[in-house]
Amino acid sequence: MSKKPNPEKALKHAAKGDSHFQKGRYDRALKEYRRAEEIDPSLPGIYDKLNQAHDRQGSEWKMDDFARSVSWTMEGQAQRSPPIRQVHAMLTPEWREASEIAYRILAARGQEDVSADVERLVGMGEVATRALIGVLLEIRQKFEAPAEPGRGEEEGE
């Protein structure tokens with residue numbers, strides 16, 4: 001269970017991080033920024049600060065450092081532009097799986113049992129919600145597509 005964000009406490013840690021950063025103590029700054037992000041992941045600008053401190057730390061990057069940096073970059077982008085979360089979700093393997101399950105449920109005929117698929121989607125959380133929204137928007141787009149000339153209505157009518 002996640003704790004309730006505490007913006008005031010997070011700001012204090014971010015300010016400590018800023019002080020360390022300005023003094024060139026990037027390890028300490030990173031530690032404070034991580035604490036601030038842990039307390040309040042929605043703290044504006046925290047992901048940029050995490051990346052800057054991490055970049056200046058000077059140690060050689062490992063694979064998990066790269067993954068962490070990508071994650072922070074994506075969170076920072078989502079803070080600045082919330083709709084980008086949908087794009088980020090589409091980059092995950094879970095998105096494809098959730099979309100396939102949604103289409104399988106839609107394609108089920110008659111009394112076919114879809115309860116296992118429904119439960120799987122429910123268990124996938126936010127990524128399933130975003131994938132379902134994507135499926136619905138795709139279906140809506142297909143129904144809203146203009147009729148091709150020569151099919152159905154004549155041009156100019």
Side-chain angles (χ1 to χ4, degrees), residues 1-108 114-145:
M1 187 184 301
S2 63
K3 296 178 184 177
K4 184 178 178 185
N6 184 337
E8 192 173 301
K9 190 173 180 182
L11 281 170
K12 286 180 183 178
H13 282 282
K16 284 181 188 178
D18 291 344
S19 176
H20 289 305
F21 189 91
Q22 290 170 353
K23 294 173 184 171
R25 298 188 298 233
Y26 304 116
D27 287 343
R28 290 181 180 176
L30 184 59
K31 190 179 280 186
E32 290 296 337
Y33 293 149
R34 282 183 172 165
R35 185 71 183 123
E37 186 263 342
E38 192 177 284
I39 294 168
D40 185 3
S42 66
L43 186 66
I46 194 63
Y47 297 102
D48 292 331
K49 291 178 182 202
L50 282 162
N51 268 326
Q52 290 168 0
H54 193 266
D55 286 346
R56 300 241 178 121
Q57 199 176 17
S59 60
E60 192 171 316
W61 278 40
K62 298 178 179 116
M63 185 57 79
D64 62 331
D65 293 318
F66 175 73
R68 196 173 306 127
S69 178
V70 169
S71 176
W72 291 336
T73 299
M74 291 172 70
E75 285 298 326
Q77 290 171 342
Q79 274 187 342
R80 290 184 293 279
S81 178
I84 199 90
R85 282 201 190 281
Q86 185 79 359
V87 174
H88 292 164
M90 293 170 75
L91 299 173
T92 66
E94 294 85 6
W95 171 276
R96 182 182 186 116
E97 180 184 358
S99 296
E100 288 172 358
I101 293 170
Y103 281 115
R104 197 167 48 239
I105 291 170
L106 285 171
V114 295
S115 59
D117 282 337
V118 169
E119 289 307 312
R120 177 72 183 123
L121 273 178
V122 169
M124 294 177 81
E126 182 180 346
V127 74
T129 302
R130 293 188 178 281
L132 286 168
I133 290 167
V135 167
L136 290 172
L137 291 173
E138 189 177 316
I139 291 169
R140 187 178 101 189
Q141 185 179 16
K142 287 180 182 179
F143 281 107
E144 289 179 349

Enquirer: Say whether, by atom type as modelled, one donor and one acceptor occur between the side chain of R35 and the main chain of K31 under 3.5 angstrom.
Expert: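 Not at all, since once roles are kept as given, no pair shorter than 3.5 Å links the two residues.
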Enquirer: Show, in sequence, the C-alpha distance, side-chain angles and deciding distance for D65 and R68, and conclude whether the side-chain contact (heavy atoms from CB on, under 4.5 Å) test is met.
Expert: CA-CA 5 Å; D65 293 318; R68 196 173 306 127; 3.3 Å; yes
Enquirer: Would you find a donor on one side and an acceptor on the other, under 3.5 Å apart, between the side chain of D55 and the backbone of Q52?
Expert: no
Enquirer: Treating S99 as the side-chain partner and W95 as the backbone partner, does any N or O pair qualify as donor plus acceptor under 3.5 Å?
Expert: yes
Enquirer: Using the side-chain contact (heavy atoms from CB on, under 4.5 Å) rule, take R120 and R104 through it: C-alpha gap first, then chi angles, then the decisive distance, then the call.
Expert: CA-CA 12 Å; R120 177 72 183 123; R104 197 167 48 239; over 6 Å; no
Enquirer: Check whether any side-chain N or O of E94 sits under 3.5 Å from a backbone N or O of A89 as a donor-acceptor pair, and report yes or no.
Expert: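 It does not hold such a pair.
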Enquirer: Is S81 reaching over with its side chain to a backbone N or O of Q77, donor-acceptor style, under 3.5 angstrom?
Expert: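 Side chain of S81 to backbone of Q77, a donor-acceptor pair under 3.5 Å: no, none is there.
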Enquirer: Quick one: do I46 and Q79 satisfy side-chain contact (heavy atoms from CB on, under 4.5 Å)? Show the steps, please.
Expert: CA-CA 10 Å; I46 194 63; Q79 274 187 342; 4.3 Å; yes
Enquirer: Where the side chain of E32 meets the backbone of A15, is there a donor-acceptor pair that is under 3.5 Å apart?
Expert: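 Between the backbone of A15 and the side chain of E32 there is no qualifying donor-acceptor contact (under 3.5 Å).
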Enquirer: Any side-chain to backbone donor/acceptor pair from Q86 onto R130? Under 3.5 Å, distance only.
Expert: yes
Enquirer: Could you check whether H13 and E38, counting side-chain N and O atoms only, form a donor-acceptor pair closer than 3.5 Å?
Expert: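 No, because no side-chain N or O of E38 sits under 3.5 Å from a partner of the opposite role on H13.
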Enquirer: Using the ring of each side chain (for Trp, its six-membered ring), is F21 parallel, tilted or perpendicular to Y33, with breaks at 30° and 60°?
Expert: tilted
Enquirer: Between E37 and K49, does any NZ, NE, NH1 or NH2 come within less than 4.0 Å of an OD or OE carboxylate oxygen?
Expert: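 Looking at K49 and E37, the cut-off is not met.
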Enquirer: What I want to find out is whether R80 reaches E75 closely enough, with some N-O distance under 4.0 Å, to be called a salt bridge.
Expert: no
